[in-house]
Participant: 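Can you keep this structure in mind? I'll have questions shortly.
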Amino acid sequence: QVQLVESGGGLVQSGGSLRLSCAASGRTLTSYAMAWFRQAPGKEREFAAAISLSGGRTYYTDSVKGRFTISRDNAKNTVYLQMNSLKPEDTAVYYCAARLYGSSSQPNDYDYWGQGTQVTVSS
């Protein structure tokens, strides 16, 4: 089992930046592919970014590509999401997720989830 705890959310103006962190406990993240999902009010949870076990491959949804960067530090059991050039439409609760095997953009493929952290981007 692995427990995930997100942090780093908050209120930021358009064009600003935030860095989200996802810290794991219980088991190391070494054997897990990781991802960030987000859910805006009244909308379905959507894929944002994913990273392979080794960190050698990353994946992004089109709406965040070029602005967000996912990374991982397995020695620290932590995954990050650097968010730059934030837009109001990025406002959502952001969730960290982990799964065995390769990266996926489908939430049902993930085995473990964090509690979420709120990101609010004002105009």
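Numbers here are sequence positions counted from 1.
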Participant: Any chain of hydrophobic side-chain contacts (each under 4.5 Å) joining Y80 to F68?
Facilitator: no
Participant: Minimum heavy-atom separation for S105 and F37, please, with both atom names.
Facilitator: O-CE2, 3.6 Å
Participant: Tell me whether V93 shares a hydrophobic cluster with L20, the cluster being built from Ile, Leu, Val, Met, Phe, Trp, Tyr side chains joined at under 4.5 Å.
Facilitator: no
Participant: Return yes if some donor-acceptor pair links the side-chain N/O of Y110 with the main-chain N/O of S104 below 3.5 Å, else return no.
Facilitator: yes
Participant: If every non-hydrogen atom of P88 is compared with every non-hydrogen atom of S14, which pair is closest and at what distance?
Facilitator: CD-OG, 3.3 Å
Participant: Does I70 offer a backbone N or O that forms a donor-acceptor pair with the side chain of Y60 under 3.5 Å?
Facilitator: yes
Participant: For T61, what residues pass the side-chain hydrogen bond (donor to acceptor under 3.5 Å, both in side chains) criterion, not counting sequence neighbours?
Facilitator: none
Participant: Between Q39 and A92, is there a donor-acceptor pair closer than 3.5 Å when you use the side chain of the first and the backbone of the second?
Facilitator: no
Participant: Mind checking whether D109 and Y101 have side chains closer than 4.5 Å, heavy atoms only?
Facilitator: no
Participant: Compare all side-chain heavy atoms of V5 with those of Q3 and state whether any distance is below 4.5 angstrom.
Facilitator: no
Participant: Could you walk me through whether F47 and Y59 pass ring pair (Phe, Tyr, Trp, His ring centres under 6.0 Å), step by step?
Facilitator: CA-CA 10 Å; F47 170 77; Y59 309 89; 7.9 Å; no
Participant: Should Y32 and V79 be regarded as members of a common hydrophobic cluster, given that ILVMFWY residues are connected when their side-chain heavy atoms come within less than 4.5 Å of each other, either directly or indirectly?
Facilitator: yes
Participant: With clusters defined by side-chain heavy atoms of hydrophobic residues (ILVMFWY) lying less than 4.5 Å apart, directly or transitively, does L18 cluster with I51?
Facilitator: yes
Participant: Can you tell me which residue among V12, V121, T120 is in a side chain to side chain contact (heavy atoms under 4.5 Å, CB included) with D90?
Facilitator: V121
Participant: Given side chains that start at C-beta, do those of W36 and C96 come closer than 4.5 Å, heavy atoms only?
Facilitator: yes
Participant: Near Q1 CD, under 6.0 Å, is it more than 12 heavy atoms from other residues, nucleotides or ligands?
Facilitator: no
